[in-house]
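Quick notes on the structure that follows.
Sequence lines set the chain letters: A, B, ... in the order given, protein chains first and strands last, and positions in each chain run from 1.
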Amino acid sequence: MLSATYRDANQPTTDKSCLLQYRAVPMPSQWQMEMSLSPRSPLILILMRRSFSNHLESTVVNQKEKEDPHPHVIKWNKAIACHMRLGHLARAQQLFDQMPRTTLSLSSYNTMLSGYVSNSHFAHAISLFSRMPSRDIISYNTMLSCHVRSGHLLTARQLFDQMPVKDQVSYNTMISAYARHGLLHQAKELFDQAPLTNNISWNGLLAAYIQSGNFQLAKQLFQSKPKWDVISWNSIIAGYVQQKQMCEAKKLFHKMPYRDIVSWNTIISGYAQSGDMTEARRLFDIMPVEKDVFTWTAVLSGYAKNGNVEEAMNIFEKMPQRNVVSWNAIIAACMQNRRFNEAKKLFDQMPCRDQVTWNTMLTAYGNAGMIQEAREMFYKMPHRDTVSWSAMLAAYSQVGLSEEVLQLFREMFSGGTKANCSAYACVLSTCADMATLNYGTQLHGQLFKVGYGMGCFVANVLLAFYFKCGSMDDAQKAFDEMHERDTVSWNTMISGYARHGFGWKAWEVFDLMKQTQIKPDDITLVGVLSASSHTGLVDKGISLFYTMEQVYGITPKPAHYTCMIDLLGRAGRLKEAQSLVKEMPFEPEPTTWGALLGASRVHHEPEIGIWAAEKIFELEPNNTGMYVLLSNLYASYGKWSDVLKTRVLMGERGVRKVPGFSWIEVKNKVHVFSVGDSAHPDKQRIYQFLEELDLKMKKAGYVSATEIVLHDVEEEEKVHMLRYHSERLAVAFGILNVPLGRPIRIIKNLRVCEDCHNAIKYVAKIENRLIVLRDSNRFHHFSGGSCSCGDYW
DNA sequence: GTAGGGTTAG
């Protein structure tokens, strides 16, 4: 009777009597909420009916419980299982407790146990397991899957090793657990040890090859076995999708003997992820099997990734069934397209939120630089996982709150959360911004201890860190130690050397790169071109630019043009640079104009510079770096009223001054000079000091900044500053007028132009106590390997 | 009690 009702409800039918029947059943509040949020389509009713049949089953079970005062153990167990399936944990627990002790069997325990596990109540499962009077192989296997699902692979393995008896299920559980974590070696070992293997074991092995990135071996394995089931086909297709080989995936999809819902979902999501929404949509519309929540979510997230929020929202509204994942996807879509209010509304409406929901909100606020909102999410969320911590670190790091990044990183440890690659990467890049070589080097050591080593993408961040601190030897050493190198690693080395004025070194790395399997991309060429321009390798640069399309198949992008204009500009070929700007097949970017502006200053072509500056302000009226460049240009011609005007303009337009830094125009050759420190323990004091310094500069009518630094600071404060500057985090800029391709001398980790009088005077004056040049991520307009004013990257 | 597909961090 019961099963008949259930089977009936599974059939897509238009019979309204079914629905009437369900009206008698009280609807759980969560479903009511879902119903009120979803449009009432016929499809929705069918699906709702299906979930109601489950509910009905449980109601019938409840009624039977009342009718039968002494139910048989099977009935008890069935009722418990039913409540568990519906997530009614409390009710299941209640029934279990009510069971007469004489009736209670091992299978009742097992039913409870698996109920807890499938509802992700791992702690309950563990506690119950420890209290069980006896255990059979099923209890052990359930426990195994409990540890696996909660991500505790080591615990699972311990249990597996201790198990009195192991069967095929135990082996398969472990094999696929290893497979999911990409641990090929362990998976293969168990597969070879298993006394019996079935389809599930083979599929586990196949998944292990795919997840560990050994797709070649996966393909071989797939070809070597003549018969596979639909799951194997789906896995190998998913593998092709992962490898972004959609043509192959499509071929196999057509070749496979039988396609189930998962096959369709895999191929559709493949197209959706690769950005081909027309094909994804076409397949979605023609698929002959009934769509499930995965299908809808795949299409939804595809539209979301393409930035088509309208279509995503459309899909979301049409979805007959929604779960947390679909809600998360639509929220992410809104957030990524800066529709914050809409996203927040959806977030508030959601029937239930999970960790990913909170993380999605947090991440998106962080990416948008909305630090207050991000912080609110972070502290409000019920639980913080590694993603949450990393996202918050990234949020702080992005807006330049370096001190907060380090503080949060410490909190993370003291709270017992282990840092992962992302967290390390974030903190390392913060160290790079702060030029805190010591702390970064410590992190480098820690990375090895924790076992992330160099395989992970952190290594690339480490390279960038060493370069930003001017420590090229360390970068080279780290690069040499890397097991694997990807395009980013090579690019970091090339642009790192380029940035420090080691153009030949950059070319050397580039030549080595060409000998490997890894192909140069557009960023590589930007690095090489900029290396050429900073080292005066004009002809090499020009020839690369004009052959890049032919040799490397890379069409010049705006960044390449900018490099070329910089290169020609530095070489004094301003007219050529100017005509290249005009020839560009796209609208020049602010940085392109900036390159021209910088060059015009060095080579005394003020008209071109001012023309470029006007263009920049049309495009970006709030570009701080450009204002400074323009003031430099005016300053170098002694046009002090224009310098002042520019400064006033900045104030009027509300151009943001970056915290921790201040800048001042000076009458002599050092045009812009600033002292600041975002990592000083007494930050307030430094800020105050800078403000005062700024005021005094104005009052004093442009006296040298160094004079003020040395005269107006109390002796104690001076000593304090000098100590911390030399030992910890010296951050200062001196923008100097240096022509093309000058050698750089390294003092400690800081670089000074050997040929530049100002620099030498400057350093001589301050000795190694206070300030030298350095490169900083956010101030790249100021900085430079060849420490030239108006240097451009 | 074990296998394949959809959402979040750098």
Residue A:Ala394, side-chain heavy atoms: nucleotide from B:dA3, B:dT7, B:dA9 that is nearest: B:dA9

Cationic N near anionic O, under 4.0 Å, A:Lys344 to A:Glu373: no

Parallel, tilted or perpendicular: ring planes of A:Tyr240 versus A:Phe215, cut at 30 and 60 degrees: perpendicular

Minimum-distance pair of heavy atoms, taken over all atoms of A:Gly366 and A:Ala395: CA-CB, 3.6 Å

Gap separating the CD1 atom of A:Ile261 from the CG atom of A:Asp292, nearest 0.5 angstrom: 4.0 Å

Aromatic ring proximity, centroids under 6.0 angstrom, A:Tyr424 and A:Phe409: yes

Touch class at under 4.0 angstrom, heavy-atom based, for A:Thr173 against every strand present: sugar-phosphate

Rounded interatomic separation in angstrom, taking NZ from A:Lys166 and P from B:dT2: 18 Å

Sidechain N-carboxylate O distance under 4.0 Å for A:Glu342, A:Lys345: no

Ring centres under 6.0 angstrom apart (A:His444, A:Tyr466): yes

Selection: residues 143-165 of chain A, any non-hydrogen atom under 4.0 Å of DNA chain B: A:Arg149

Sugar-phosphate only, base, or nothing, as touched by A:Asp167 at under 4.0 Å among non-hydrogen atoms: base

Interatomic distance where CG belongs to A:Leu300 and P belongs to B:dT7 [whole Å]: 10 Å

Candidates B:dG6, B:dA3, B:dT8 - which lies nearest the side chain of A:Gln336: B:dT8

For atom CG of A:Asp260 and atom P of B:dA3, their distance in whole Å: 15 Å

Touch class at under 4.0 angstrom, heavy-atom based, for A:Asp354 against every strand present: nothing

For A:Asp167, side-chain hydrogen bond (donor to acceptor under 3.5 Å, both in side chains) partners two or more places apart: A:Asn141, A:Ser170

Shortest side-chain distance from A:Asn359, nucleotide among B:dT8, B:dG6, B:dA9: B:dT8

A:Val325 side chain, from C-beta outward: closest of B:dA9, B:dG6, B:dG10: B:dG6

From CA spacing to verdict: side chain to side chain contact (heavy atoms under 4.5 Å, CB included), A:Tyr303, A:Asn314: CA-CA 10 Å; A:Tyr303 281 125; A:Asn314 201 1; over 6 Å; no

Donor-acceptor under 3.5 Å (A:Lys305 side chain, A:Gly275 main chain): no

Aromatic plane relationship, A:Phe160 with A:Tyr171 - under 30° parallel, 30 to 60° tilted, over 60° perpendicular: perpendicular

Shortest non-hydrogen contact from A:Gly182 toward A:Ser212: O-CB, 3.3 Å

Touch class at under 4.0 angstrom, heavy-atom based, for A:Asp229 against every strand present: base

Strand-adjacent residues in residues 176-193 of chain A, judged by heavy atoms under 4.0 Å from DNA chain B: A:Ser176, A:Arg180

Residue-level proximity of residues 235-247 of chain A to DNA chain B when a heavy atom falls under 4.0 Å: A:Ser235

Of the listed nucleotides B:dT7, B:dA9, B:dG6, the one nearest the side chain of A:Val356: B:dT7

Whole-Å gap separating P (B:dA9) and CE (A:Met335): 12 Å

Rounded distance in Å - CH2 (A:Trp389) to C1' (B:dT8): 17 Å

N/O donor-acceptor pair, side chain A:Asn328 with base B:dG6, under 3.5 angstrom: no

Exercise: do A:Arg131 and A:Tyr109 side chains pair donor with acceptor under 3.5 Å: no

Ring-ring centroid check A:Phe284 A:Trp264, cutoff 6.0 Å: no

B:dG10 phosphate, OP1 or OP2, under 4.0 Å from A:Asn460 side-chain N/O: no

Sugar-phosphate only, base, or nothing, as touched by A:Ile137 at under 4.0 Å among non-hydrogen atoms: base

Sugar-phosphate, base or nothing in reach of A:Ile331, heavy atoms under 4.0 Å: nothing

Whole-Å gap separating C1' (B:dG6) and CE (A:Met319): 9 Å

Gap between atoms CG and P, on A:Asn172 and B:dT2 respectively (whole Å): 11 Å

Residue-phosphate contact under 4.0 Å: A:Gln273 side-chain N/O, B:dT7 OP1/OP2: yes

Of the listed nucleotides B:dA9, B:dT8, B:dT7, the one nearest the side chain of A:Thr360: B:dT8

Ring centre gap for A:Phe129 and A:Tyr140 strictly below 6.0 Å: yes

Sugar-phosphate only, base, or nothing, as touched by A:Asn367 at under 4.0 Å among non-hydrogen atoms: sugar-phosphate

Check: A:Trp358 ring centre within less than 6.0 Å of A:Phe378 ring centre: no

Selection: residues 368-378 of chain A, any non-hydrogen atom under 4.0 Å of DNA chain B: none

Aromatic ring proximity, centroids under 6.0 angstrom, A:Phe347 and A:Trp327: no

A:Ile210 CD1 to B:dA3 C1', straight-line distance once rounded to whole Å: 12 Å

Nucleic acid contacts - residues 119-127 of chain A versus DNA chain B, non-hydrogen atoms under 4.0 Å: none

A:Arg322 side chain near A:Thr297 side chain, heavy-atom distance below 4.5 Å: no

Closest to the A:Ser422 side chain, choosing from B:dA9, B:dA3, B:dG6: B:dA9

